[in-house]
Amino acid sequence: MRLIFRKLTEIIVKNKLIFLLIWIIVISVSLFFLFGDNKENNEIELSGANNTDAAKLEKILINDFKIKSGNSAAIVIDKKVNTDLLVFELKTKFPQIANISNLQSEKKHNYQLLYIEFKQRYLFVEVQSLTKEIRDLFKQYQKKYSTKIYLTGNSAFYYDMKDSGKKDSAKGEIFALFCSLIILIFNFGALVSALIPILIGASTIIISNAIIKIFSIKIIPISQVMSGLVGLALSIDYSLFIVNRFREELKKENLNQDGYQALVASMINSGKTILISALIMICSVSVLLIPDVSSSKIVVKNLLIVIVISFINSVIFLPVFLIYTKNLL
């Protein structure tokens with residue numbers, strides 16, 4: 001293993017400019033697919049636990065009664081709004097809708113409740129994705145009647161939850177990066193030494209999310225949040241091992257000032273630790289593949305991606321940054 005890391009370090013140092021360009025290209029392509037491509041992530045409907053009563057009942061409802069739980073929504077609207085026109089537009093613009101009925105109440109109130117049933121052949125995630133378009137249709141009615149129209153139900157709730165989760169995840173990652181930077185500056189006492197692990201952590205999140213999007217890897221909202229934070233933590237942790245060791249080795253290196261020997265020593269010692277840590281992490285999370293629950297399997301697959309990317313980023317691209325910034329560390 002020592003020989004492998006020594007040889008790897010030699011290749012990286014000799015071709016450091018090429019590896020730097022590769023990193024820049026990978027990040028650029030990843031950013032393009034994340035922000036320049038309108039393609040949505042491949043979110044799937046949850047399944048599994050096939051031997052439970054709930055799963056058996058779900059199959060009976062679908063096969064015998066042609067009913068799929070969750071494939072419905074409701075509209076709460078002011079009584080002064082002309083629902084006939086709204087219902088006509090909804091059915092015309094959304095062929096996924098099977099029926100819209102006006103539910104009555106014995107209690108007097110100022111609202112109408114429209115119950116929307118979607119065609120059973122559409123998956124829950126497909127119905128969920130219509131939420132924004134339906135709400136956009138409401139805007140003209142809200143402006144015309146100076147009122148608020150609410151879309152609710154399982155599909156709308158999960159759409160809002162997913163949207164909120166994405167925003168909270170992004171805020172959480174930014175907050176985690178900021179806090180990590182403060183801690184690393186305090187630890188190293190140097191800005192460049194602190195910025196390099198942050199750069200590796202941020203690039204790991206970018207590349208991992210891009211891979212998931214490019215290859216249409218299945219996701220669920222919780223897997224996005226978990227993989228982002230885990231990838232950030234692992235990348236910074238792995239980088240911290242190498243940067244700390246590299247700084248120590250540089251202080252010992254007197255004759256050879258190009259940093260090569262210091263980097264070799266760092267990679268041989270810290271690289272082995274990182275590899276063992278990554279393998280243990282992979283074995284630990286792989287246990288979640290055992291339960292017959294789709295959400296667990298999706299989370300594991302997303303986590304495995306960020307673990308691998310964290311390791312590759314740390315042992316291949318991190319040394320390039322260390323060589324170029326060795327005098328600033």
Side-chain angles (χ1 to χ4, degrees), residues 1-27 180 183-184 187-190 192-208 211 227 230-287 300-301 303-329:
M1 190 174 294
R2 294 173 64 90
L3 181 61
I4 293 174
F5 278 108
R6 180 182 290 275
K7 188 65 178 177
L8 176 63
T9 306
E10 180 182 338
I11 294 172
I12 292 171
V13 172
K14 285 184 177 180
N15 302 280
K16 57 182 181 293
L17 180 58
I18 294 176
F19 278 99
L20 180 61
L21 291 174
I22 291 173
W23 183 85
I24 293 172
I25 292 171
V26 170
I27 292 296
S180 299
I183 294 171
L184 290 171
N187 176 68
F188 289 123
V192 175
S193 298
L195 282 174
I196 290 177
I198 296 297
L199 182 63
I200 295 297
S203 63
T204 295
I205 295 175
I206 292 171
I207 296 171
S208 301
I211 288 175
S227 59
V230 169
L232 181 62
L234 284 179
S235 299
I236 293 177
D237 192 36
Y238 293 164
S239 301
L240 187 58
F241 277 120
I242 298 176
V243 173
N244 209 32
R245 186 60 184 257
F246 185 64
R247 280 162 54 94
E248 292 176 0
E249 293 296 331
L250 278 177
K251 293 177 182 178
K252 300 177 185 177
E253 190 176 301
N254 295 318
L255 298 176
N256 189 357
Q257 294 297 321
D258 62 1
Y260 172 70
Q261 294 301 332
L263 187 60
V264 169
S266 303
M267 292 300 295
I268 287 176
N269 293 283
S270 298
K272 179 182 177 181
T273 302
I274 291 171
L275 177 60
I276 298 300
S277 175
L279 291 175
I280 291 174
M281 189 71 178
I282 289 172
C283 293
S284 299
V285 300
S286 295
V287 175
V300 172
K301 290 175 183 177
L303 287 176
L304 291 177
I305 291 173
V306 298
I307 293 171
V308 173
I309 298 300
S310 299
F311 176 75
I312 293 174
N313 246 346
S314 300
V315 299
I316 294 181
F317 296 115
L318 175 61
V320 176
F321 296 119
L322 293 178
I323 286 295
Y324 276 112
T325 62
K326 63 183 183 297
N327 296 325
L328 302 174
L329 299 175

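Using a 4.5 Å cut-off on side-chain heavy atoms (C-beta onward), Phe321 and Val192 make no contact. Looking at Leu184 and Ile236, their side chains come closer than 4.5 Å, going by heavy atoms from C-beta outward. For the pair Trp23 and Ile27, the minimum side-chain heavy-atom distance is below 4.5 Å. Two residues are said to be in side-chain contact when any heavy atoms from C-beta on lie closer than 4.5 Å; Leu304 and Val308 fail this criterion. Contact annotation: the side chain of Met267 never approaches that of Ile12 to less than 4.5 Å [non-hydrogen atoms, C-beta and beyond].
The number of heavy-atom neighbours closer than 6.0 Å to CZ of Arg247, taken from other residues, nucleotides and ligands shown, is above 12.
Contact detail for Val315 and Pro319: the closest heavy-atom pair is O-CG, 3.5 Å. Val243 approaches Pro197 most closely through the heavy-atom pair CG2-CG, 4.3 Å. Annotation for Val300 and Ser286: closest pair CG1-CA, 4.2 Å, computed over non-hydrogen atoms. The minimum heavy-atom distance between Gly201 and Ser235, with the atom names listed, is CA-CB, 3.5 Å.
One finds the CZ atom of Phe5 at 9.5 Å from the OG atom of Ser270 (value rounded to the nearest 0.5 Å). Between atom CG of residue Asn244 and atom CD of residue Glu249 there is a gap of 11.0 Å, rounded to the nearest 0.5 Å. Taken to the nearest 0.5 Å, the OG atom of Ser239 stands 12.0 Å off from the CG atom of Leu195. Between the OG atom in Ser277 and the NZ atom in Lys272 there is a gap of 14.0 Å [rounded to 0.5 Å]. If you take CD1 on Ile268 and OG1 on Thr273, they are separated by 12.0 Å, rounding to the nearest 0.5 Å. Expressed to the nearest 0.5 Å, how far CD1 of Ile24 lies from CG of Leu21 amounts to 5.5 Å.
Without hydrogens or angle criteria, Asp237 side chain to Ala233 main chain gives no donor-acceptor distance under 3.5 Å. Although no hydrogens or angles enter the test, the distance criterion places a donor-acceptor pair under 3.5 Å between the side chain of Asn15 and the main chain of Ile11.
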Next item on the list: Kindly determine whether Ile200 and Ser314 satisfy side chain to side chain contact (heavy atoms under 4.5 Å, CB included), including the steps that lead there.
Entry: CA-CA 7 Å; Ile200 295 297; Ser314 300; 4.3 Å; yes
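The side chain to side chain contact (heavy atoms under 4.5 Å, CB included) test with Ile323 singles out one residue from Thr9, Leu263, Leu318, and that residue is Leu263. Applying the side chain to side chain contact (heavy atoms under 4.5 Å, CB included) test between Phe317 and each of Ile22, Leu199, Leu20, Leu322 identifies Ile22 as the sole match.
Taking 4.0 Å as the cut-off between side-chain N and carboxylate O, Lys14 and Glu10 count as a salt-bridged pair.
Under the 3.5 Å distance criterion, with hydrogens and angles disregarded, a donor-acceptor pair is assigned to the side chains of Thr204 and Asn313.
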